[in-house]
There are 2 protein chains.
Amino acid sequence: MSTEASSQDDDAGRTVTKPRPVRADAKRSLDALLEAALSVFTTSGVDAPVREIAAKAGVGVGTVYRHFPQRADLVAAVFRREIDACADAAPALAVEHKPGDALALWMHRYTAFLATKRGLATALHSGDPAFDSLPTYFMQRLEPALRTLLDAAATAGEVRTDIAADDLLGAVANLCRQAYEKGPDHARRMVDLLVDGLRYGASTPAS
Amino acid sequence: MSTEASSQDDDAGRTVTKPRPVRADAKRSLDALLEAALSVFTTSGVDAPVREIAAKAGVGVGTVYRHFPQRADLVAAVFRREIDACADAAPALAVEHKPGDALALWMHRYTAFLATKRGLATALHSGDPAFDSLPTYFMQRLEPALRTLLDAAATAGEVRTDIAADDLLGAVANLCRQAYEKGPDHARRMVDLLVDGLRYGASTPAS
DNA sequence: TTATATACGGAACATTGTTCCGTTTTGGCA
DNA sequence: TGCCAAAACGGAACAATGTTCCGTATATAA
(Lines give C-alpha, C1' and ligand atoms only; values in the text may rest on other atoms or scores of the structure.)
Protein backbone atom coordinates (compact mmCIF):
# COMPACT_ATOMS: atom_id res chain seq x y z
CA MET A 1 0.00 0.00 0.00
CA SER A 2 1.18 3.49 -0.81
CA THR A 3 1.14 6.60 1.30
CA GLU A 4 -2.37 7.82 1.75
CA ALA A 5 -4.49 9.97 3.98
CA SER A 6 -8.15 10.87 3.86
CA SER A 7 -10.36 8.57 1.85
CA GLN A 8 -13.97 8.70 0.74
CA ASP A 9 -16.22 6.96 -1.70
CA ASP A 10 -16.78 8.61 -5.04
CA ASP A 11 -20.21 8.69 -6.73
CA ALA A 12 -19.68 5.21 -8.18
CA GLY A 13 -19.03 3.76 -4.73
CA ARG A 14 -15.30 3.16 -5.27
CA THR A 15 -12.98 4.10 -2.47
CA VAL A 16 -10.79 6.96 -3.57
CA THR A 17 -7.66 7.80 -1.62
CA LYS A 18 -5.95 11.12 -1.75
CA PRO A 19 -2.21 10.62 -1.12
CA ARG A 20 -0.83 12.87 1.52
CA PRO A 21 2.48 14.48 0.58
CA VAL A 22 5.59 13.30 2.35
CA ARG A 23 6.13 15.37 5.44
CA ALA A 24 8.93 17.88 5.31
CA ASP A 25 10.72 16.50 8.35
CA ALA A 26 10.62 13.00 6.90
CA LYS A 27 12.31 14.15 3.74
CA ARG A 28 14.89 16.06 5.75
CA SER A 29 15.70 12.98 7.81
CA LEU A 30 15.97 10.78 4.75
CA ASP A 31 18.34 13.13 2.96
CA ALA A 32 20.47 13.63 6.04
CA LEU A 33 20.62 9.89 6.57
CA LEU A 34 21.73 9.06 3.06
CA GLU A 35 24.35 11.76 3.12
CA ALA A 36 25.67 10.73 6.54
CA ALA A 37 25.64 7.05 5.59
CA LEU A 38 27.66 7.69 2.44
CA SER A 39 30.19 9.67 4.43
CA VAL A 40 30.50 7.09 7.19
CA PHE A 41 30.63 4.15 4.79
CA THR A 42 33.40 5.85 2.85
CA THR A 43 35.54 6.52 5.89
CA SER A 44 34.71 3.55 8.13
CA GLY A 45 33.43 0.94 5.71
CA VAL A 46 29.97 -0.50 5.27
CA ASP A 47 30.16 -2.27 8.62
CA ALA A 48 29.97 0.96 10.56
CA PRO A 49 27.41 0.93 13.41
CA VAL A 50 23.93 2.26 12.74
CA ARG A 51 24.25 4.50 15.79
CA GLU A 52 27.24 6.23 14.27
CA ILE A 53 25.33 7.02 11.10
CA ALA A 54 22.29 8.19 13.03
CA ALA A 55 24.44 10.46 15.16
CA LYS A 56 26.17 11.95 12.13
CA ALA A 57 22.79 12.61 10.57
CA GLY A 58 21.54 14.23 13.79
CA VAL A 59 18.80 11.68 14.05
CA GLY A 60 17.73 8.90 16.42
CA VAL A 61 18.13 5.24 15.58
CA GLY A 62 14.37 4.87 15.54
CA THR A 63 14.28 7.22 12.59
CA VAL A 64 16.82 5.13 10.74
CA TYR A 65 14.66 2.04 11.11
CA ARG A 66 11.55 3.97 10.14
CA HIS A 67 13.10 4.70 6.76
CA PHE A 68 15.06 1.47 6.39
CA PRO A 69 13.54 -1.60 8.06
CA GLN A 70 16.89 -3.32 7.99
CA ARG A 71 20.41 -2.02 8.14
CA ALA A 72 21.11 -3.65 4.79
CA ASP A 73 18.33 -1.59 3.22
CA LEU A 74 20.22 1.56 4.09
CA VAL A 75 23.39 0.16 2.59
CA ALA A 76 21.52 -0.82 -0.56
CA ALA A 77 19.93 2.63 -0.81
CA VAL A 78 23.33 4.30 -0.61
CA PHE A 79 24.70 2.02 -3.30
CA ARG A 80 21.72 2.74 -5.55
CA ARG A 81 22.31 6.43 -5.10
CA GLU A 82 25.95 6.04 -6.07
CA ILE A 83 25.01 4.00 -9.10
CA ASP A 84 22.60 6.75 -10.08
CA ALA A 85 25.26 9.40 -9.68
CA CYS A 86 27.66 7.45 -11.83
CA ALA A 87 25.04 6.87 -14.53
CA ASP A 88 23.97 10.50 -14.49
CA ALA A 89 27.54 11.59 -15.06
CA ALA A 90 27.40 10.12 -18.57
CA PRO A 91 25.02 12.61 -20.25
CA ALA A 92 26.69 15.45 -18.35
CA LEU A 93 30.08 14.51 -19.78
CA ALA A 94 28.60 13.95 -23.22
CA VAL A 95 27.48 17.56 -23.60
CA GLU A 96 30.82 19.00 -22.50
CA HIS A 97 33.35 16.88 -24.34
CA LYS A 98 34.02 15.25 -27.65
CA PRO A 99 32.53 11.73 -27.80
CA GLY A 100 35.83 9.91 -27.41
CA ASP A 101 36.92 12.07 -24.51
CA ALA A 102 33.55 11.79 -22.82
CA LEU A 103 33.87 8.03 -23.04
CA ALA A 104 37.35 8.01 -21.52
CA LEU A 105 36.35 10.41 -18.77
CA TRP A 106 33.31 8.37 -17.87
CA MET A 107 35.36 5.20 -17.70
CA HIS A 108 37.46 6.87 -15.06
CA ARG A 109 34.36 8.05 -13.26
CA TYR A 110 33.20 4.46 -13.30
CA THR A 111 36.57 3.29 -12.05
CA ALA A 112 36.38 5.74 -9.18
CA PHE A 113 32.97 4.37 -8.31
CA LEU A 114 34.34 0.84 -8.25
CA ALA A 115 37.31 1.86 -6.15
CA THR A 116 35.35 3.47 -3.35
CA LYS A 117 32.68 0.81 -3.36
CA ARG A 118 34.77 -2.25 -2.84
CA GLY A 119 32.44 -2.98 0.06
CA LEU A 120 29.82 -3.50 -2.62
CA ALA A 121 31.33 -6.71 -3.89
CA THR A 122 31.50 -8.08 -0.37
CA ALA A 123 27.93 -7.03 0.31
CA LEU A 124 26.66 -8.60 -2.90
CA HIS A 125 28.17 -11.94 -2.02
CA SER A 126 26.89 -11.86 1.54
CA GLY A 127 23.65 -13.49 0.48
CA ASP A 128 21.49 -10.88 2.17
CA PRO A 129 18.25 -10.63 0.18
CA ALA A 130 18.31 -6.85 0.56
CA PHE A 131 21.07 -6.82 -2.04
CA ASP A 132 19.40 -9.16 -4.49
CA SER A 133 18.18 -6.36 -6.74
CA LEU A 134 21.46 -4.48 -6.83
CA PRO A 135 23.23 -6.39 -9.64
CA THR A 136 20.21 -5.94 -11.88
CA TYR A 137 19.93 -2.29 -10.96
CA PHE A 138 23.63 -1.86 -11.58
CA MET A 139 23.32 -3.12 -15.15
CA GLN A 140 20.00 -1.40 -15.82
CA ARG A 141 21.46 1.97 -14.99
CA LEU A 142 25.05 1.73 -16.15
CA GLU A 143 24.69 -0.29 -19.34
CA PRO A 144 22.49 2.28 -21.16
CA ALA A 145 24.69 5.10 -19.84
CA LEU A 146 27.83 3.55 -21.25
CA ARG A 147 26.11 2.34 -24.41
CA THR A 148 25.04 5.88 -25.28
CA LEU A 149 28.60 7.14 -24.90
CA LEU A 150 29.93 4.19 -26.85
CA ASP A 151 27.47 4.70 -29.71
CA ALA A 152 28.23 8.39 -29.91
CA ALA A 153 31.97 7.75 -30.03
CA ALA A 154 31.47 5.04 -32.63
CA THR A 155 29.31 7.31 -34.76
CA ALA A 156 32.02 9.94 -34.59
CA GLY A 157 34.47 7.31 -35.78
CA GLU A 158 36.55 7.59 -32.64
CA VAL A 159 36.25 4.03 -31.41
CA ARG A 160 35.66 0.64 -32.88
CA THR A 161 32.18 -0.78 -32.94
CA ASP A 162 32.57 -4.39 -31.89
CA ILE A 163 32.38 -4.04 -28.12
CA ALA A 164 29.20 -4.40 -26.09
CA ALA A 165 28.63 -2.02 -23.20
CA ASP A 166 27.89 -4.73 -20.65
CA ASP A 167 31.04 -6.63 -21.57
CA LEU A 168 33.08 -3.50 -21.09
CA LEU A 169 31.52 -2.82 -17.69
CA GLY A 170 32.37 -6.31 -16.55
CA ALA A 171 35.87 -6.22 -17.94
CA VAL A 172 36.73 -2.99 -16.18
CA ALA A 173 35.21 -4.27 -12.94
CA ASN A 174 37.48 -7.29 -13.15
CA LEU A 175 40.50 -5.16 -14.01
CA CYS A 176 39.87 -3.01 -10.97
CA ARG A 177 39.35 -5.96 -8.68
CA GLN A 178 42.83 -7.30 -9.14
CA ALA A 179 44.26 -3.85 -9.58
CA TYR A 180 43.25 -3.19 -6.00
CA GLU A 181 46.11 -5.31 -4.72
CA LYS A 182 48.65 -3.69 -7.04
CA GLY A 183 49.77 -0.11 -6.93
CA PRO A 184 47.51 2.90 -6.42
CA ASP A 185 47.12 4.09 -10.01
CA HIS A 186 47.54 0.67 -11.51
CA ALA A 187 43.82 0.63 -12.17
CA ARG A 188 44.03 3.95 -13.98
CA ARG A 189 46.77 2.69 -16.29
CA MET A 190 44.90 -0.50 -17.05
CA VAL A 191 41.73 1.36 -17.87
CA ASP A 192 43.63 3.83 -20.03
CA LEU A 193 45.08 0.87 -21.85
CA LEU A 194 41.63 -0.52 -22.42
CA VAL A 195 40.24 2.76 -23.70
CA ASP A 196 43.19 3.17 -26.04
CA GLY A 197 42.43 -0.31 -27.21
CA LEU A 198 38.95 0.84 -28.09
CA ARG A 199 40.30 3.73 -30.10
CA TYR A 200 42.74 1.53 -31.94
CA GLY A 201 41.43 0.44 -35.27
CA ALA A 202 38.72 3.07 -35.45
CA SER A 203 39.22 5.78 -38.05
CA THR A 204 43.00 5.80 -37.71
CA PRO A 205 44.35 2.25 -37.78
CA ALA A 206 48.00 1.78 -36.81
CA SER A 207 50.61 1.07 -39.47
CA MET B 1 57.06 -17.29 23.67
CA SER B 2 56.66 -21.04 23.23
CA THR B 3 55.25 -23.57 25.65
CA GLU B 4 57.63 -24.04 28.52
CA ALA B 5 57.74 -25.16 32.09
CA SER B 6 60.57 -25.35 34.58
CA SER B 7 63.56 -23.16 33.93
CA GLN B 8 66.96 -22.84 35.54
CA ASP B 9 70.28 -21.24 34.81
CA ASP B 10 72.96 -23.40 33.29
CA ASP B 11 76.60 -23.15 34.38
CA ALA B 12 77.20 -20.27 31.99
CA GLY B 13 74.38 -18.27 33.51
CA ARG B 14 72.00 -18.60 30.55
CA THR B 15 68.40 -19.37 31.31
CA VAL B 16 67.50 -22.78 29.96
CA THR B 17 63.86 -23.73 29.50
CA LYS B 18 62.62 -27.26 29.20
CA PRO B 19 59.38 -27.34 27.19
CA ARG B 20 56.51 -29.04 28.94
CA PRO B 21 54.40 -31.27 26.70
CA VAL B 22 50.92 -30.12 25.81
CA ARG B 23 48.46 -31.28 28.41
CA ALA B 24 46.19 -34.11 27.38
CA ASP B 25 42.99 -32.22 28.15
CA ALA B 26 44.19 -29.27 26.09
CA LYS B 27 44.72 -31.48 23.08
CA ARG B 28 41.30 -33.08 23.60
CA SER B 29 39.65 -29.66 23.71
CA LEU B 30 41.47 -28.50 20.62
CA ASP B 31 40.50 -31.55 18.60
CA ALA B 32 36.88 -31.41 19.75
CA LEU B 33 36.75 -27.72 18.89
CA LEU B 34 38.09 -28.11 15.38
CA GLU B 35 35.74 -30.99 14.69
CA ALA B 36 32.72 -29.18 16.10
CA ALA B 37 33.61 -25.99 14.26
CA LEU B 38 33.89 -27.79 10.94
CA SER B 39 30.52 -29.39 11.50
CA VAL B 40 28.81 -26.18 12.53
CA PHE B 41 30.42 -24.12 9.78
CA THR B 42 29.29 -26.66 7.22
CA THR B 43 25.67 -26.65 8.37
CA SER B 44 25.21 -23.07 9.56
CA GLY B 45 27.91 -21.15 7.73
CA VAL B 46 31.04 -19.48 9.03
CA ASP B 47 29.00 -16.83 10.85
CA ALA B 48 27.70 -19.31 13.41
CA PRO B 49 27.96 -18.08 17.02
CA VAL B 50 31.01 -19.09 19.04
CA ARG B 51 28.70 -20.35 21.80
CA GLU B 52 27.14 -22.84 19.44
CA ILE B 53 30.51 -24.27 18.49
CA ALA B 54 31.64 -24.40 22.10
CA ALA B 55 28.46 -26.22 23.08
CA LYS B 56 28.81 -28.75 20.28
CA ALA B 57 32.38 -29.40 21.37
CA GLY B 58 31.27 -29.81 24.97
CA VAL B 59 33.49 -26.95 26.04
CA GLY B 60 33.12 -23.49 27.56
CA VAL B 61 33.62 -20.32 25.55
CA GLY B 62 36.63 -19.52 27.66
CA THR B 63 38.32 -22.60 26.28
CA VAL B 64 37.61 -21.48 22.74
CA TYR B 65 39.34 -18.18 23.35
CA ARG B 66 42.23 -19.88 25.10
CA HIS B 67 43.01 -21.77 21.91
CA PHE B 68 41.95 -19.08 19.45
CA PRO B 69 42.39 -15.50 20.65
CA GLN B 70 39.93 -14.32 18.03
CA ARG B 71 36.95 -15.96 16.44
CA ALA B 72 38.58 -15.49 13.04
CA ASP B 73 41.56 -17.56 14.19
CA LEU B 74 39.27 -20.53 14.70
CA VAL B 75 37.81 -20.07 11.24
CA ALA B 76 41.29 -19.85 9.75
CA ALA B 77 42.39 -22.98 11.61
CA VAL B 78 39.44 -24.93 10.24
CA PHE B 79 40.21 -23.77 6.72
CA ARG B 80 43.86 -24.73 7.10
CA ARG B 81 42.81 -28.16 8.25
CA GLU B 82 40.55 -28.57 5.23
CA ILE B 83 43.32 -27.46 2.93
CA ASP B 84 45.59 -30.03 4.54
CA ALA B 85 43.00 -32.77 4.11
CA CYS B 86 42.59 -31.90 0.46
CA ALA B 87 46.34 -31.83 -0.12
CA ASP B 88 46.85 -35.10 1.73
CA ALA B 89 44.28 -36.79 -0.47
CA ALA B 90 46.64 -36.47 -3.44
CA PRO B 91 49.32 -39.02 -2.43
CA ALA B 92 46.60 -41.33 -1.11
CA LEU B 93 44.87 -41.34 -4.47
CA ALA B 94 48.16 -41.68 -6.30
CA VAL B 95 48.97 -45.05 -4.75
CA GLU B 96 45.54 -46.53 -5.44
CA HIS B 97 44.83 -45.43 -9.00
CA LYS B 98 46.45 -44.99 -12.34
CA PRO B 99 48.04 -41.53 -12.70
CA GLY B 100 45.34 -40.16 -15.01
CA ASP B 101 42.54 -41.42 -12.80
CA ALA B 102 44.21 -40.17 -9.65
CA LEU B 103 44.42 -36.74 -11.22
CA ALA B 104 40.74 -36.74 -12.21
CA LEU B 105 39.66 -38.00 -8.79
CA TRP B 106 41.68 -35.40 -7.00
CA MET B 107 40.24 -32.63 -9.15
CA HIS B 108 36.83 -33.65 -7.90
CA ARG B 109 38.10 -33.79 -4.36
CA TYR B 110 39.36 -30.26 -4.86
CA THR B 111 36.04 -29.22 -6.35
CA ALA B 112 34.22 -30.63 -3.33
CA PHE B 113 36.51 -28.61 -1.12
CA LEU B 114 35.71 -25.45 -3.05
CA ALA B 115 31.98 -26.16 -2.96
CA THR B 116 31.69 -26.53 0.79
CA LYS B 117 34.05 -23.68 1.52
CA ARG B 118 32.37 -20.91 -0.36
CA GLY B 119 32.48 -19.05 2.95
CA LEU B 120 36.23 -19.02 2.43
CA ALA B 121 36.09 -16.58 -0.45
CA THR B 122 33.93 -14.22 1.60
CA ALA B 123 36.24 -14.55 4.57
CA LEU B 124 39.34 -13.89 2.49
CA HIS B 125 37.93 -10.64 1.17
CA SER B 126 36.76 -9.47 4.57
CA GLY B 127 40.12 -7.85 5.21
CA ASP B 128 40.53 -9.53 8.58
CA PRO B 129 44.29 -9.95 9.16
CA ALA B 130 43.66 -13.42 10.59
CA PHE B 131 43.06 -14.59 7.03
CA ASP B 132 46.09 -12.92 5.50
CA SER B 133 48.16 -16.06 5.46
CA LEU B 134 45.47 -18.31 4.01
CA PRO B 135 45.95 -17.58 0.28
CA THR B 136 49.66 -18.31 0.59
CA TYR B 137 49.00 -21.44 2.61
CA PHE B 138 46.41 -22.53 0.06
CA MET B 139 48.93 -22.39 -2.77
CA GLN B 140 51.81 -23.78 -0.72
CA ARG B 141 49.87 -26.90 0.12
CA LEU B 142 47.76 -27.50 -2.97
CA GLU B 143 50.16 -26.53 -5.73
CA PRO B 144 52.75 -29.24 -4.92
CA ALA B 145 49.99 -31.77 -4.38
CA LEU B 146 48.50 -31.17 -7.78
CA ARG B 147 51.88 -30.79 -9.45
CA THR B 148 52.93 -34.25 -8.29
CA LEU B 149 49.79 -35.80 -9.74
CA LEU B 150 50.18 -33.81 -12.92
CA ASP B 151 53.81 -34.84 -13.37
CA ALA B 152 53.00 -38.49 -12.77
CA ALA B 153 50.20 -38.42 -15.30
CA ALA B 154 52.39 -36.60 -17.78
CA THR B 155 55.19 -39.12 -17.31
CA ALA B 156 52.72 -41.91 -17.94
CA GLY B 157 51.75 -40.13 -21.13
CA GLU B 158 48.17 -39.70 -20.01
CA VAL B 159 47.96 -35.91 -20.07
CA ARG B 160 49.64 -33.11 -21.90
CA THR B 161 52.54 -31.33 -20.32
CA ASP B 162 51.91 -27.67 -20.95
CA ILE B 163 49.74 -26.79 -17.97
CA ALA B 164 51.06 -25.39 -14.72
CA ALA B 165 49.54 -26.64 -11.48
CA ASP B 166 48.81 -23.22 -10.07
CA ASP B 167 47.05 -22.11 -13.24
CA LEU B 168 44.88 -25.19 -13.09
CA LEU B 169 44.00 -24.56 -9.46
CA GLY B 170 42.95 -21.04 -10.27
CA ALA B 171 41.01 -22.01 -13.35
CA VAL B 172 38.97 -24.61 -11.52
CA ALA B 173 38.32 -22.22 -8.67
CA ASN B 174 36.92 -19.73 -11.15
CA LEU B 175 34.88 -22.41 -12.88
CA CYS B 176 33.34 -23.39 -9.58
CA ARG B 177 32.64 -19.82 -8.57
CA GLN B 178 30.27 -19.17 -11.42
CA ALA B 179 29.11 -22.77 -11.43
CA TYR B 180 27.67 -22.08 -8.01
CA GLU B 181 24.84 -20.06 -9.51
CA LYS B 182 24.11 -22.67 -12.17
CA GLY B 183 22.81 -26.15 -11.57
CA PRO B 184 24.03 -28.52 -8.88
CA ASP B 185 26.39 -30.72 -10.88
CA HIS B 186 27.30 -28.03 -13.35
CA ALA B 187 30.64 -27.74 -11.61
CA ARG B 188 31.26 -31.45 -11.97
CA ARG B 189 30.62 -31.35 -15.72
CA MET B 190 32.85 -28.33 -16.22
CA VAL B 191 35.68 -29.92 -14.30
CA ASP B 192 35.26 -33.18 -16.22
CA LEU B 193 35.48 -31.17 -19.38
CA LEU B 194 38.66 -29.55 -18.20
CA VAL B 195 40.26 -32.86 -17.23
CA ASP B 196 39.30 -34.37 -20.57
CA GLY B 197 40.92 -31.36 -22.11
CA LEU B 198 44.09 -32.26 -20.29
CA ARG B 199 44.01 -35.77 -21.63
CA TYR B 200 43.40 -34.59 -25.15
CA GLY B 201 46.56 -34.42 -27.15
CA ALA B 202 48.57 -36.60 -24.80
CA SER B 203 49.57 -40.03 -26.11
CA THR B 204 46.45 -40.36 -28.25
CA PRO B 205 45.96 -37.16 -30.27
CA ALA B 206 42.65 -36.77 -32.07
CA SER B 207 42.45 -37.19 -35.83
C1' DT C 1 51.52 -37.46 47.25
C1' DT C 2 51.97 -32.84 46.59
C1' DA C 3 52.82 -28.51 44.39
C1' DT C 4 52.18 -25.67 40.59
C1' DA C 5 51.67 -24.41 36.03
C1' DT C 6 48.08 -25.13 32.86
C1' DA C 7 43.55 -25.45 31.32
C1' DC C 8 38.65 -25.07 32.03
C1' DG C 9 33.81 -23.11 32.54
C1' DG C 10 30.75 -19.75 32.44
C1' DA C 11 29.24 -15.38 34.34
C1' DA C 12 29.88 -10.73 33.17
C1' DC C 13 30.96 -7.02 29.96
C1' DA C 14 30.94 -4.46 25.45
C1' DT C 15 29.17 -3.71 21.02
C1' DT C 16 25.68 -3.58 17.77
C1' DG C 17 21.20 -4.69 15.27
C1' DT C 18 16.33 -4.09 16.24
C1' DT C 19 11.92 -3.06 18.60
C1' DC C 20 8.77 -0.32 21.28
C1' DC C 21 6.39 3.44 22.84
C1' DG C 22 5.71 8.00 24.80
C1' DT C 23 6.53 12.61 22.83
C1' DT C 24 6.89 15.98 19.16
C1' DT C 25 5.99 17.81 14.69
C1' DT C 26 3.48 18.58 10.55
C1' DG C 27 -0.23 19.80 7.57
C1' DG C 28 -5.18 20.02 6.62
C1' DC C 29 -9.23 22.23 8.15
C1' DA C 30 -12.75 24.77 10.77
C1' DT D 1 -5.55 31.37 13.97
C1' DG D 2 -6.11 27.35 16.68
C1' DC D 3 -7.12 22.47 16.81
C1' DC D 4 -6.54 17.70 15.78
C1' DA D 5 -5.19 13.34 13.90
C1' DA D 6 -1.77 11.16 11.44
C1' DA D 7 2.98 10.83 10.77
C1' DA D 8 7.50 11.07 12.33
C1' DC D 9 10.84 11.31 15.95
C1' DG D 10 14.14 10.01 19.81
C1' DG D 11 16.17 7.06 22.60
C1' DA D 12 15.61 3.64 26.21
C1' DA D 13 15.27 -1.20 26.31
C1' DC D 14 15.88 -5.82 24.38
C1' DA D 15 18.43 -9.50 22.00
C1' DA D 16 22.32 -11.60 19.96
C1' DT D 17 27.06 -12.21 19.90
C1' DG D 18 32.23 -11.38 20.39
C1' DT D 19 35.42 -11.07 24.20
C1' DT D 20 37.38 -10.82 28.91
C1' DC D 21 38.03 -12.26 33.63
C1' DC D 22 38.69 -15.03 37.35
C1' DG D 23 37.65 -18.69 40.59
C1' DT D 24 37.93 -23.69 40.14
C1' DA D 25 39.55 -28.11 38.40
C1' DT D 26 43.18 -30.99 36.45
C1' DA D 27 47.34 -32.86 34.62
C1' DT D 28 52.12 -33.49 35.16
C1' DA D 29 56.80 -33.25 37.31
C1' DA D 30 59.22 -34.23 41.29
Side-chain angles (χ1 to χ4, degrees), chain A residues 1-8 17-34 36-37 40-41 44-77 123 126 128-131, chain B residues 1-8 16-34 36-37 40-41 44-77 123 126 128-130:
Chain A
M1 199 183 331
S2 67
T3 311
E4 61 188 283
S6 60
S7 62
Q8 64 184 70
T17 60
K18 181 168 46 176
R20 182 184 294 226
V22 181
R23 272 174 50 165
D25 54 351
K27 172 159 172 46
R28 262 201 311 275
S29 294
L30 189 64
D31 289 345
L33 262 178
L34 287 172
V40 172
F41 288 162
S44 309
V46 289
D47 289 330
V50 172
R51 284 165 177 77
E52 186 179 337
I53 299 161
K56 182 141 200 163
V59 142
V61 281
T63 300
V64 178
Y65 282 89
R66 160 168 296 271
H67 290 285
F68 305 99
Q70 309 250 3
R71 204 199 108 83
D73 296 322
L74 170 58
V75 178
S126 73
D128 193 310
F131 301 125
Chain B
M1 197 185 335
S2 67
T3 312
E4 60 188 283
S6 60
S7 62
Q8 63 184 71
V16 167
T17 61
K18 182 168 45 177
R20 183 185 294 226
V22 181
R23 268 175 53 166
D25 54 351
K27 171 159 174 43
R28 262 201 311 274
S29 293
L30 188 64
D31 290 344
L33 261 177
L34 287 172
V40 171
F41 288 163
S44 309
V46 290
D47 289 331
V50 172
R51 284 167 177 74
E52 186 179 337
I53 298 161
K56 182 141 198 164
V59 144
V61 282
T63 301
V64 177
Y65 282 88
R66 161 168 296 271
H67 290 285
F68 305 99
Q70 309 249 3
R71 205 198 105 85
D73 296 323
L74 171 57
V75 177
S126 71
D128 192 310

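Labels below follow one simple rule: chain letters A, B, ... track the order of the sequence lines, proteins then strands, and each chain is numbered from 1.
- Taking atom CZ of A/R51 as the reference point, atom C1' of D/dA12 lies 10 Å away to the nearest angstrom.
- Comparing A/G62 and A/P49, the nucleotide of DNA chain C nearest to each residue sits closer to the 5' end for A/P49.
- B/A77 and B/L34 make their closest contact through CB-CD2, 3.9 Å (heavy atoms, listed as atom of the first residue, atom of the second, distance).
- With hydrogens and angles ignored, a donor-acceptor pair under 3.5 angstrom links the side chain of A/R23 to the base of C/dT25.
- Between the CZ atom of A/F68 and the C1' atom of C/dT18 there is a distance of 16 Å, rounded to whole Å.
- For the pair A/I53 CD1 and C/dT16 P, the computed distance is 11 Å after rounding to whole Å.
- In this structure, of C/dA7, D/dA8, D/dG18, it is D/dG18 that holds the atom nearest to the side chain of B/V50.
- For the side-chain hydrogen bond (donor to acceptor under 3.5 Å, both in side chains) with A/D25, the qualifying choice from A/R23, A/R28, A/K27 is A/R23, the only one to do so.
- Rounded to whole angstrom, the span from the CG atom of A/D25 across to the C1' atom of C/dG27 amounts to 10 Å.
- Minimum interatomic distance between B/A48 and B/R71 (heavy atoms only, all atoms of both residues): O-NH1, 2.6 Å.
- With rounding to whole Å, B/Y65 atom OH is found 17 Å from D/dC22 atom C1'.
- Regarding A/R71, its CZ atom lies at a distance of 19 Å from the P atom of D/dA16, rounded to whole Å.
- Both B/A72 and B/R28 lie close to DNA chain D; mapped to their nearest nucleotides by heavy-atom distance, the more 5′-ward contact belongs to B/A72.
- Protein atom CG of A/D128 is 13 Å distant from nucleotide atom P of C/dG17, rounded to whole Å.
- If you measure from atom CG of B/L33 to atom C1' of C/dG9, you get 13 Å, rounded to the nearest angstrom.
- Considering every non-hydrogen atom in both B/A130 and B/D128, the closest pair reads N-OD1, 2.8 Å.
- Residues B/L74 and B/A37 approach most closely at CD1-CB, 4.0 Å, considering heavy atoms.
- For A/T63, no side-chain nitrogen or oxygen approaches OP1 or OP2 of D/dA8 to under 4.0 Å.
- Distances shown here put every side-chain N or O of A/H67 at or beyond 4.0 Å from the OP1 or OP2 atom of D/dA8.
- One finds no side-chain N or O of B/Q70 lying less than 4.0 angstrom from the OP1 or OP2 phosphate oxygen of D/dG18.
- Within the structure, a side-chain polar atom (N or O) of B/S29 is placed less than 4.0 Å from OP1 or OP2 of C/dC8.
- Distances were taken from every side-chain heavy atom of A/V61 (C-beta onward) to each of C/dT18, C/dG10, D/dA29; the shortest belongs to C/dT18.
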